[in-house]
Structure formats: structure tokens, C-alpha cells
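In what follows, chains carry the letters A, B, and so on, assigned in the order in which the sequence lines appear, proteins first and then strands, with residues in each chain numbered from 1. Scope of the values below: all heavy atoms of this structure, side chains included, with no hydrogens, waters or symmetry mates.
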Number of protein chains: 2
Amino acid sequence: MGINAVFEALSHPVRREILQLLRGGPMSAGALAEHFTLSKPTLSVHFAKLKEAELVAVERQGTSLIYHLNMSILEEALSGLMSFREPKP
Amino acid sequence: MGINAVFEALSHPVRREILQLLRGGPMSAGALAEHFTLSKPTLSVHFAKLKEAELVAVERQGTSLIYHLNMSILEEALSGLMSFREPKP
DNA sequence: GCCTTATTTAGTGTTTTCTCTAATTAGAGT
DNA sequence: ACTCTAATTAGAGAAAACACTAAATAAGGC
């Protein structure tokens, strides 16, 4: 369930760019959307996929939803890829 | 072009499992196919995507095609993910 | 309670992915 | 040349992904 969703989420360039943007710190959905020419609903669907993969977490702040990176899942995916480098046990 | 194809290739569980199998050393298309319940043509399409992403390389040996891991591309994708861990420059 | 702002959910059409079976290519041996 | 094995390419259909516009939800200020 988990690892599949993570790699599926990472497969789209827009979603990877969203993660890049979040490296600079938490951002609202609207602020993120301004960096793309896509419509807000389209971006919202991308956010949902990143959230489903737990690559990002959401927190409400007034009327805004603030997204931020979830490092631990990223580390997990990372170490999964890392294991390719070691000879099979 | 390159990085997109790599993440696209990594997005399918079967293709990730193919890479896992290749960790044990080079294998022929047929030998790889035996590890799955999918048809050989289907697997062949997965091989093609991995090859397009340059995650694997092919070499003919008689009537067989031998696939093996291309570490350098894997390292590249890896360090690309790694950069998420560092604060933005 | 009503209006505004921020964002998501619903509905729709198009494009892409994934799988299959059938046909084709490539090399090796007789 | 013929045949066998190994693997790919071609064609087709079902399922999923992606983008849009329009409608719904949630919180805050008047």
C-alpha cells in the first residue's frame, strides 16, 4: 500500500516540483498553485495524491490549508532505493 | 527527458521488482519472466520502459537477451531524491 | 445570517497505461 | 533453406490518470 503510493506520487513532474517548492518551507495550497499554469482544482488533485502517499501533511490555518513535507516517508523511499546498491542478503 | 523517464519507470511495482531481481546479477528476459504470472509480451514492454529510462542495459547472448542493472542512473535518481534532505541553496 | 476568500469535490472528456493474443524478428543448429 | 527457441513488435480493449469547468464545503468578517 504505502510504497506503491509513494512511487506513484513521485512519478509526475508536477508533484515532484511541488515537493521541491516545499523544501523552502510550508506553503498554502494557493501559494503553491501560483507556481503553475494549471487550474487550482487540478493542483488540488495532485496535493491529494501526495497526501495519500504521506509525502506531505496538511494543517489548517484559518481559511488556508498549509502543506509541508513529510521527511520520514521520503527517507523511507530513499532507503528503499538505497537497498539496490547493496548485494542481496 | 531522462529524469522523467526514470521516475515514470520506477512507478510500477512490477518494474521495481524486476530491478530487485537484477540485483542478484544479470538475467535473461525469459528467466525474469518466470518470476511473474504476466505474459512474456507484457514483461517485454516493462523491460522496454526500464531500458528507455536507462535503468537497465541489454546485451545479446546467442538467442537470449541478457538484462543487467545500470547503477549510474540509479545513483543519479538517488542523489536527486537526496537533495530533498538538504535545505534549499 | 450573509458574503467573501480559500480550497476541495463532482462530473466530464481526452490521453495514457497496462494487459492480452497474434504475428514478426533474430540467432543457432540440422 | 527449415525449424526450433527466445524475445519483441503490432493491434486491440479495459482501466486509470490528467486536465478542465461548475458546484460544494469550511472558516472568518461584517
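A pairwise comparison of heavy atoms in A:Leu32 and A:Met27 identifies CD2-SD, 3.6 Å as the closest pair.
Atom-to-atom distance recorded for A:Ile18:CD1 and A:Leu50:CG is 5.5 Å, nearest 0.5 angstrom. For the atom pair A:Leu10 CG and B:Leu10 CG, the distance stands at 9.0 Å (nearest 0.5 Å). For the atom pair A:Ser11 OG and A:Lys49 NZ, the distance stands at 7.5 Å (nearest 0.5 Å).
A:Phe7 has its CZ atom 19 Å from the C1' atom of C:dT17, to the nearest Å. Spacing between atom NE2 of A:His12 and atom P of D:dA16 amounts to 18 Å, rounded to whole angstrom units. Rounding to whole angstrom units, CD of residue B:Glu8 and P of C:dT16 are separated by 11 Å. Atom CG of A:Asn4 is separated from atom P of C:dT17 by 17 Å (rounded to the nearest Å). Between B:Glu59 atom CD and C:dG27 atom C1' there is a gap of 15 Å when expressed in whole angstrom units. Following rounding to the nearest Å, B:Leu10 (CG) and C:dT17 (P) show an atom-to-atom distance of 15 Å. Going from atom CG of A:Leu50 over to atom C1' of C:dT7 covers 16 Å, rounded to whole Å.
Taking 4.5 Å as the limit, every side-chain heavy atom of B:Phe47 sits out of range of all side-chain heavy atoms of B:Val58. Using a 4.5 Å cut-off on side-chain heavy atoms (C-beta onward), B:Asn70 and B:Ile73 make contact.
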Protein-nucleotides 4-14 of chain D N/O pairs closer than 3.5 Å?
{"from": "D:dA7", "atom 1": "OP1", "to": "B:Ala29", "atom 2": "N", "distance (Å)": "3.3"}
{"from": "D:dA7", "atom 1": "OP1", "to": "B:Gly30", "atom 2": "N", "distance (Å)": "3.4"}
{"from": "D:dA7", "atom 1": "OP2", "to": "B:Gly30", "atom 2": "N", "distance (Å)": "2.9"}
{"from": "D:dT8", "atom 1": "OP1", "to": "B:Tyr67", "atom 2": "OH", "distance (Å)": "2.3"}
{"from": "D:dT8", "atom 1": "OP2", "to": "B:Ser44", "atom 2": "OG", "distance (Å)": "2.8"}
{"from": "D:dT8", "atom 1": "O5'", "to": "B:Ser44", "atom 2": "OG", "distance (Å)": "2.9"}

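Applying the 4.0 Å criterion to OP1 and OP2 of C:dC20, one finds that B:Ser39 has a side-chain N or O inside that range. OP1 or OP2 of D:dA17 has not a single side-chain nitrogen or oxygen of A:His46 nearer than 4.0 Å.
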